[in-house]
Engineer: 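Okay, handing you the structure first.
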Amino acid sequence: MTNPTHDFRYTSELAGQIEMAWQDRWETEGTFHTPNPVGDLANVDGPAAKNADGSKYFIMDMFPYPSGAGLHVGHPLGYIATDVVGRYRRMLGDNVLHALGYDAYGLPAELHAISTGEHPRVNTLANISNMRRQLRRLGLAHDDRRSFATIDSEFVRWTQWIFLQIFNSWYDAEAKRARPISELIEKLGTDDPAVIDEHRLAYLSESPVNWCPGLGTVLANEEVTAEGRSERGNFPVFRRNLKQWQMRITAYSDRLIDDLERVDWPDAVKIMQRNWIGRSHGAEVDFASEAGPVRVFTTRPDTLFGATFMVLSPEHPLVEALTSADQAEAVAEYRRIAAAKTELERQESREKTGVRLGSTATNPVNGEQIPIFIADYVLMGYGTGAIMAVPSGDQRDFEFATEHGLPIVPTMAEQVGLAEAYAGEGTIINSSNDEVSLDGLSVDEAKSRIVAWLESKSLGTGKTTYRLRDWLFSRQRYWGEPFPIVYDETAPPIALPDDLPAAESPEVPDFPPNSFAPDDVESNPEPPLSRNEDWVNVELDLGDGPKMYRRETNTMPNWAGSSWYEIRYTDPNNAELLADPRNESYWLGPRSEGGAGGVDLYIGGMEHAVLHLLYARFWHKVLFDLGHVSSEEPFQKLFNQGYIQAYAYTDERGAYVVADEVVAHEDGTFTHDGKPVNREYGKMGKSLKNVVTPDEMYDSYGADTFRVYEMSMGPLDVSRPWETRAVIGSQRFLQRVWRLCVDETTGEATFTDEPLEAATRSELHRTIEQVRVEMEHMRFNTAIARLIELTNHVTKENVSSREVIEPLVLMLAPFAPHIAEELWQRLGHEGGIAFAPYPVSNPDFIIQDSVTCVVQVLGKVRGRLEVSVDVSDEELTALALAEPNVVKAIDGRPVRKVIVKAPKLVSIVV
RNA sequence: GCGCACGUGGCGGAAUGGUAGACGCGCUGGCUUCAGGUGCCAGUGUCCGCAAGGGCGUGGAGGUUCGAAUCCUCUCGUGCGCACCA
């Protein structure tokens, strides 16, 4: 403290002392230990016990990956927000569950292990403890008894258990739910693996998968970017036929789409999930050909009469059989070129190239012989890999037809005369045969009529297809959950029974690199675990006496742990069950009949809109079907927080310079070391030299100031730039609040027991009312603005009555809990503020005897009147028309109309 | 190309169709200080004016309305998502 007269000022040093003292006290007293209905966490000593009968409220953050780089100021944004909500709900009397775990499997730890030779667990645990320290200093009200990491052997055990539940179940399409595989065995009357394994929700299959040599592993579709590269590391990805584990997420396509209606999520995320699943309704239609029926999928069966040719994907299995001798060479050449193109090249070229096969197919609705082509704009991976081409109704077909001189037959009145395809609504024309006519119908009517006709003639069926593919679930990594699967000499996978110790990762002494040159197409996946013969070969007694088995050597993707962790928070130490049903249903169960249930508030970034959030919903639904959870959805309400961005600066060579040392000039330019630099806006990162850490904020301002600043920067869901120099404003605010209670020179209490004057009391109750509304809508920036206004008001008026200071401190508590606890104690309260009741506004105290009335003339404000709130329309009109400035603005013109919204507005039209 | 957001002072951002710019940063002036910093007080959209007051202002152009940042149409720009999905 540099100023001797202000020994008791709320400085960063004092804030730090207060904050750490309260953090210790919360920990030793178990303040945030939340009671469970049953089990080891049922009884708590702390103050949370008094909320045990309150309404339950389960909040979650998207848990962090414990990266070695530690946290920057952007990371805690969501954690502070959930903490504010949690602390607010506790003060409302809710029983709040809030804890934080760590998503600890992942590639960075494995790469670090490879480069250092140190076991990834060592580095990961060190990172977790560093992150814990950084987060503890923030004062988050977490129940630390419920924290875990996905690498904990107890947690892994349950991840493996869930895998086996999925492995041992099948999807009953009629009942629209998963059922135990034993019921399928009973139903089919066989336990032959060749039959049964086909139906498992987790299954091994040889199919085209994404092979990424650069990472040395296969990847899920969701992990591959549109450019055909890995989301992590940006390495090229190749399609390869490999035998891998898959999860039958496609069985849940409809439920994953339909149940989006039952959750409170941002539309943007819902739309992304719907697009990703990509459901389209249409029909499959068979076109007769010399090689047998060629089946196509179409969403527009109503345009069948306009199908003037067919196009197969170059990889379509019937291509050879349908190729005539004189086209054989051209077809082979086209297929060769198509095969050599990467996915990206195929997508980039929009030219409608293609080759005639030389044979024809029969359009089933009119018997016409139409030519068959192959073209690479038709993809083998969607629908049936073959289309009927309707150039009048599909722009791609139109372009192809124009290119190759093929007939274009309009089937929509709206398309006639257009120089392009017409895909909208309208009236069908040119569409009839001897048995059925679609002419004059709308698109929807025509669709159902033609599908009915096709079905009656066995020429086609109504059909729904999806873009979603099954989830590729195995990885060739060391640092992931091992599969609880072994093999004997007869190939089919064998589940390790529950009572046998599940496979733990072997302690491998070294981690040889297992990736390949990024473009090495010839390379093959090679699971690191397979090199460890001692681990791979294991003697087990699975019922037929002790025998040697080989373990599955692939590991699970790092999405596994995050696909079910919400369940474990409810009962983290349960050794017998995933979670006791009484705990699970209390915290996650539906709040009302027919509800989907789930976490009450889940806050995290947009980047998981598809990946994590889709996988977690899928696993949760399987567990629901199998009776292990009472909730159908894992997350009832989702909120995407924005990101804290930062400026970075490059010098003339393009190298990043330390952002902290850059000087801004009045003309909008920036210099570093006197030399001009360029500013760019984006992420915070070590390599960009613009990282600001929470630790720096704790040192310079304290955790409370940092929390208030992050919450007051703007709406939570909007991204915005970090500005360290603006943090001071939040500190000034807290200093003013402090000064209301504590004399900066003597440290003595400054508040009094005097009652408030009516005007200030009115201000207070108005503020309480407004702040409550803002809190309910998570508009923390405006809630804080209201608190600052109240503080400034009482500071200016020199009011120091506890009647206003106490509610102010209470409302401040969710944002700045440490200073609030400290002041609450100084105000003479013993019990701590975390569970003190949130202030309630009394409308009787809100007085408003006069209000400013605005007088508009032709929409422009021309005068203001101080009037009583209950002024009558007539009175107000008279007052307004008499106001000198208004008279001047009317300028003698006749008044045509007066609109009065008493008491706030009069609008005069002349 | 398609879809969804979003464009407000020097900056971050406030505004149930009704006083545009709450709150904060910055800036200017003052007090405090040997000084720097911290703190406190006052001012701060822009143009004209000593003032009273007035003109112009929410990316741009139209429209609806007594009244539009807010609703509608078009347009420009930025961000995000999807992308030959039949």
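Note: hydrogens, waters and symmetry copies are ignored here, and every other heavy atom, side chains too, is used. Quick note on labels: first sequence line is chain A, next is B, and so on, each numbered from 1.
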Engineer: Within the 4.0 Å heavy-atom criterion, would you say K904(A) contacts the bases, only the backbone, or no part of the nucleic acid?
Structural biologist: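 Nothing: the residue K904(A), judged by heavy atoms under 4.0 Å, touches no strand.
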Engineer: What about W722(A) and Y643(A), are their ring centers closer than 6.0 Å?
Structural biologist: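 Centroid separation for W722(A) and Y643(A): 6.0 Å or greater.
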Engineer: How would you label the contact of D267(A) with the nucleic acid (heavy atoms, under 4.0 Å): base, sugar-phosphate, or nothing?
Structural biologist: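 Nothing: the residue D267(A), judged by heavy atoms under 4.0 Å, touches no strand.
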Engineer: When both hydrogen-bonding distances must be under 3.5 Å and the geometry is Watson-Crick or G-U wobble, what is rU44(B) paired with, if anything?
Structural biologist: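 Answer to the pairing question: rG26(B), which forms a Watson-Crick or G-U pair with rU44(B).
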Engineer: Quick one: do E399(A) and R396(A) make a salt bridge, cutoff under 4.0 Å?
Structural biologist: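 Answer for the salt bridge query: no.
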Engineer: Quick one: is rC85(B) close enough that its OP1 or OP2 comes under 4.0 Å of any side-chain N or O from R396(A)?
Structural biologist: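 So the side chain of R396(A) is within the cut-off, an N or O lying under 4.0 Å from OP1 or OP2 of rC85(B).
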Engineer: Could you identify the nucleotide paired to rG21(B), looking across every strand shown and requiring Watson-Crick or G-U wobble geometry with both distances under 3.5 Å?
Structural biologist: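 For rG21(B), the partner nucleotide comes out as none, under the 3.5 Å rule.
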Engineer: Determine, for R9(A) against E744(A), whether the closest basic-nitrogen to carboxylate-oxygen distance falls under 4.0 angstrom.
Structural biologist: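 Looking at E744(A) together with R9(A), the answer is yes, because their closest N to O distance falls below 4.0 Å.
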Engineer: Counting the atoms with a prime plus P, OP1 and OP2 as sugar-phosphate, which does Q395(A) contact under 4.0 Å by heavy atoms, base, sugar-phosphate, or nothing?
Structural biologist: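 Contact class for Q395(A): none.
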Engineer: Which nucleotide sits closest to the side chain of I387(A): rC25(B), rC84(B), rA86(B)?
Structural biologist: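 Among rC25(B), rC84(B), rA86(B), the one nearest the side chain of I387(A) is rA86(B).
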Engineer: Under 4.0 angstrom, heavy atoms only, what part of the nucleic acid is S719(A) near: base, sugar-phosphate, or nothing?
Structural biologist: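 If one applies the 4.0 Å heavy-atom cut-off, S719(A) turns out to touch the sugar-phosphate alone, with no base involved.
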Engineer: Does the structure show a Watson-Crick or G-U wobble partner for rG79(B), both distances under 3.5 Å? Name it, or say none.
Structural biologist: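 rC4(B) is the nucleotide pairing with rG79(B).
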